[in-house]
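See structure below.
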Amino acid sequence: MPLLSVLSRMERNGVKLDVDMLHTQSSELAHKMIKIEQQAHDLAGQTFNLASPKQIQEILFDKLELPILKKTPKGQPSTAEDVLQELALDYPLPQLILDHRGMSKLKSTYTDKLPGMVFAKTGRVHTSYHQAVAATGRLSSSDPNLQNIPVRTPEGRRIRQAFIPEPGFKILSADYSQIELRIMAHLSQDKGLCRAFERGEDVHRATAAEVFSVAPEQVSNDQRRHAKAINFGLIYGMSAFGLARQIKVDRKAAQQYIDRYFERYPGVKEYMENTRQQAHDTGFVETVFGRRLYLPEINSSNHLRRQYAERTAINAPMQGTAADLIKKAMLSIDDWLQANNSPVSMIMQVHDELVFEVPDNEIEAISELVIQHMMGVAELSVPLIVAVGIGDNWDQAH
DNA sequence: AGGTTAAGCGCG
DNA sequence: AAAGCGCGCTTAACCT
């Protein structure tokens with residue numbers, strides 16, 4: 001069966017929503033937002049629209065004369081999240097704006113919008129998946145986008161709790177753990193990185209131990225957090241400058257971390273250099289399975305465009321291979337479900353995660369089946385680990 | 001009235 | 001001078 005048919009079936013399956021729960025959350029958010037607005041107006045000494053970047057600029061930077069830490073591409077003082085977080089350390093108003101923004105996002109995009117997207121005939125929401133949008137080979141989802149449902153904050157997770165199964169069913173979520181780092185280990189064949197995954201170690205902790213020269217059990221929370229930022233940064237082609245900004249150390253320290261990383265993981269260094277070189281020589285990069293991404297600007301005389309293409313060259317094989325793997329898993333799982341006339345529905349895909357609606361009495365068998373299919377799609381140099389969760393809503397299952 | 005862009009932010 | 005990859009959605013601001 002072609003992937004497109006699998007996607008169509010998933011769209012048709014849809015997912016059930018607890019609409020009442022979302023309505024309740026909407027009201028609560030509205031109430032909290034009004035309170036924040038009042039506090040903000042008191043601090044500013046005037047009323048203003050907390051959703052208007054222009055008005056926020058006027059109040060923060062013209063009226064209150066807070067320092068301008070960053071500008072937008074058009075030269076206006078930026079009020080972006082990281083800027084306001086920095087300012088919030090010294091002034092009260094930025095935190096209120098941030099809180100308000102977060103709630104406003106949740107309310108307008110999710111709790112207000114999703115109930116209206118329930119399709120009357122099925123009582124469920126039906127997204128559209130797009131197979132040929134993302135350059136790296138990922139799927140995208142729209143109308144509504146089910147690939148950006150909140151999860152990182154407690155308030156956000158309450159929205160996930162509204163994604164529920166039919167009576168007699170459970171939500172089963174299965175995701176690949178650290179899939180892109182595992183692919184980096186496979187592609188680079190770096191000894192240390194492969195060994196960490198083979199031994200089932202906490203990879204960020206292992207990285208921290210190497211980079212900061214301490215025993216794994218001695219790694220502090222901050223060190224692990226920094227190592228995690230380094231690992232992600234590598235996948236994205238980040239520079240010392242970017243790392244410094246991310247983890248709030250000076251540029252020199254960030255450069256030392258990166259140097260240290262490449263000393264400890266020389267295979268990764270070599271892989272990065274080879275990938276860049278290959279992109280320059282051939283004009284494309286490819287995934288483990290040979291799917292290519294062409295990079296017409298890799299030899300551009302414009303530095304910005306060239307550097308952008310170089311970062312894409314680093315990232316695309318890893319992000320793209322992860323996309324290939326989960327698509328293969330979707331195909332083989334769908335194949336099995338169809339062949340066995342299974343009552344199980346595959347209902348969502350979120351890049352490294354598959355979500356199913358499973359009859360209560362089949363949970364254990366299907367968990368095992370999904371894990372086996374996802375792990376078994378390819379034989380890489382490191383194990384592909386799949387974590388499964390089960391629950392009465394998507395948040396519980398995740 | 002309607003469309004487009006900029007800024008910002010939700011997710012992996 | 002910029003500085004971390006890939007998406008989609010909302011509001012404000014601007015434009016026709």
Side-chain angles (χ1 to χ4, degrees), chain A residues 48-57 70-85 97-98 100-114 117 127-130 132-153 155-157 159-160 175-181 184 229-247 251 254-255 258 285 293 295 302-320 322-323 326 348-354 394 398:
Chain A
F48 67 103
N49 181 354
L50 272 84
S52 161
K54 203 180 159 195
Q55 291 181 43
I56 291 171
Q57 280 163 21
K70 198 174 92 179
K71 295 193 173 180
T72 67
K74 283 198 117 188
Q76 295 298 308
S78 168
T79 68
E81 188 173 20
D82 54 338
V83 174
L84 294 191
Q85 256 162 18
I97 295 170
L98 284 171
H100 187 274
R101 263 199 203 146
M103 293 181 195
S104 166
K105 181 84 176 177
L106 294 183
K107 184 169 183 297
S108 64
T109 310
Y110 305 104
T111 60
D112 281 354
K113 216 37 116 334
L114 287 172
M117 304 208 63
T127 186
S128 296
Y129 286 106
H130 311 285
V133 172
T136 52
R138 277 187 175 184
L139 301 179
S140 79
S141 157
S142 69
D143 308 293
N145 182 355
L146 296 184
Q147 292 179 322
N148 72 345
I149 301 301
V151 71
R152 292 174 189 175
T153 64
E155 308 80 59
R157 276 198 293 279
I159 292 167
R160 256 174 209 240
D175 66 280
Y176 285 113
S177 71
Q178 287 122 14
I179 184 72
E180 291 179 0
L181 277 179
M184 186 165 89
I230 294 169
N231 281 329
F232 273 98
L234 285 165
I235 292 170
Y236 298 149
M238 186 167 57
S239 67
F241 179 94
L243 180 63
R245 204 161 53 98
Q246 172 76 28
I247 62 178
R251 207 199 53 78
Q255 187 61 57
I258 292 174
V285 290
L293 178 66
L295 300 161
N302 180 323
H303 290 202
L304 288 185
R305 289 171 184 236
R306 193 171 66 240
Q307 285 174 358
Y308 183 27
E310 284 179 359
R311 292 195 295 274
T312 307
I314 295 294
N315 177 257
M318 292 180 269
Q319 191 180 124
I326 196 162
M348 291 187 279
Q349 190 258 35
V350 191
H351 308 306
D352 63 356
E353 172 187 13
L354 293 175
W394 191 9
H398 194 270

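A quick note: this is a predicted structure, and the numbers were derived from the prediction, not measured. Because only heavy atoms are used, hydrogens play no part in the values below, and waters and symmetry mates are left out as well, while side chains stay in. Here is the naming used below: chain letters follow the sequence lines, and residue numbers restart at 1 for every chain.
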* Partners passing side chain to side chain contact (heavy atoms under 4.5 Å, CB included) against Asn231(A) (at least two apart in sequence or in another chain) ->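 Leu181(A), His204(A), Thr207(A), Leu234(A), Tyr261(A).
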* Asked: Who passes side chain to side chain contact (heavy atoms under 4.5 Å, CB included) against Met348(A), sequence neighbours left out?
  ->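 Met348(A) satisfies side chain to side chain contact (heavy atoms under 4.5 Å, CB included) with Val15(A), Tyr129(A), Leu146(A), Phe163(A), Val355(A), Trp394(A) only.
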Any side-chain N or O of [X] less than 4.0 Å from the OP1 or OP2 oxygen of [N]?
X        : N      : answer
Lys74(A) : dA7(B) : no
Thr79(A) : dG8(B) : yes
Ser78(A) : dA7(B) : no
Thr72(A) : dA6(B) : no

* To do: Determine the contact category for Leu304(A): base if any of its heavy atoms lies under 4.0 Å from a base atom, sugar-phosphate if only primed atoms, P, OP1 or OP2 are that close, otherwise nothing.
  =>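 Sugar-phosphate: the residue Leu304(A), judged by heavy atoms under 4.0 Å, touches backbone atoms but no base.
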Would you list the protein and nucleotides 6-8 of chain C atom pairs, both N or O, that sit under 3.5 Å from each other?
{"from": "dG6(C)", "atom 1": "OP2", "to": "Tyr308(A)", "atom 2": "OH", "distance (Å)": "2.8"}
{"from": "dG6(C)", "atom 1": "O4'", "to": "Gln319(A)", "atom 2": "OE1", "distance (Å)": "3.2"}
{"from": "dG6(C)", "atom 1": "O4'", "to": "Gln319(A)", "atom 2": "NE2", "distance (Å)": "3.2"}
{"from": "dG6(C)", "atom 1": "N3", "to": "Arg138(A)", "atom 2": "NH1", "distance (Å)": "3.4"}
{"from": "dC7(C)", "atom 1": "OP1", "to": "Ala135(A)", "atom 2": "N", "distance (Å)": "3.1"}
{"from": "dG8(C)", "atom 1": "OP1", "to": "Ser140(A)", "atom 2": "OG", "distance (Å)": "2.8"}
{"from": "dG8(C)", "atom 1": "O4'", "to": "Asn145(A)", "atom 2": "ND2", "distance (Å)": "3.0"}

Of the candidate nucleotides [options], which contains the atom at the shortest distance from the side chain of [X]?
X         : options                   : answer
Pro150(A) : dA7(B), dG10(B), dG12(B)  : dG10(B)
Lys54(A)  : dG8(B), dG10(B), dA13(C)  : dA13(C)
Ala51(A)  : dT11(C), dA13(C), dG10(B) : dT11(C)

* Please measure how far the C1' atom in dA3(C) lies from the corresponding atom in dT5(B), and state the result in whole Å. =>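 Taking atom C1' in both dA3(C) and dT5(B), they lie 24 Å apart.
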* Asked: Given the C1' atoms of dC9(B) and dA1(C), what is the spacing between them in whole Å?
  ->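 Looking at atom C1' only, dC9(B) and dA1(C) are 26 Å apart.
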Take atom [atom1] of [X] and atom [atom2] of [N], then tell me their distance rounded to the nearest Å.
X         : N       : atom1 : atom2 : answer
Ile56(A)  : dA13(C) : CD1   : C1'   : 14 Å
Gln85(A)  : dC9(B)  : CD    : P     : 9 Å
His100(A) : dT11(C) : NE2   : P     : 12 Å
Phe48(A)  : dA12(C) : CZ    : C1'   : 15 Å
Asn49(A)  : dA7(B)  : CG    : P     : 17 Å
Leu98(A)  : dC9(B)  : CG    : P     : 7 Å

* **side chain to side chain contact (heavy atoms under 4.5 Å, CB included) evaluation trace for Asn315(A) with Ile235(A)** => CA-CA 6 Å; Asn315(A) 177 257; Ile235(A) 292 170; 3.6 Å; yes
* Counterpart base for dA2(C), defined by Watson-Crick or G-U wobble contacts under 3.5 Å ->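 Because no pair has both required distances under 3.5 Å, dA2(C) counts as unpaired.
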* To do: Give a yes or no on whether a donor-acceptor pair under 3.5 Å exists between the nucleobase atoms of dG10(B), that is its base, and the side chain of Arg101(A).
  =>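 No pair found.
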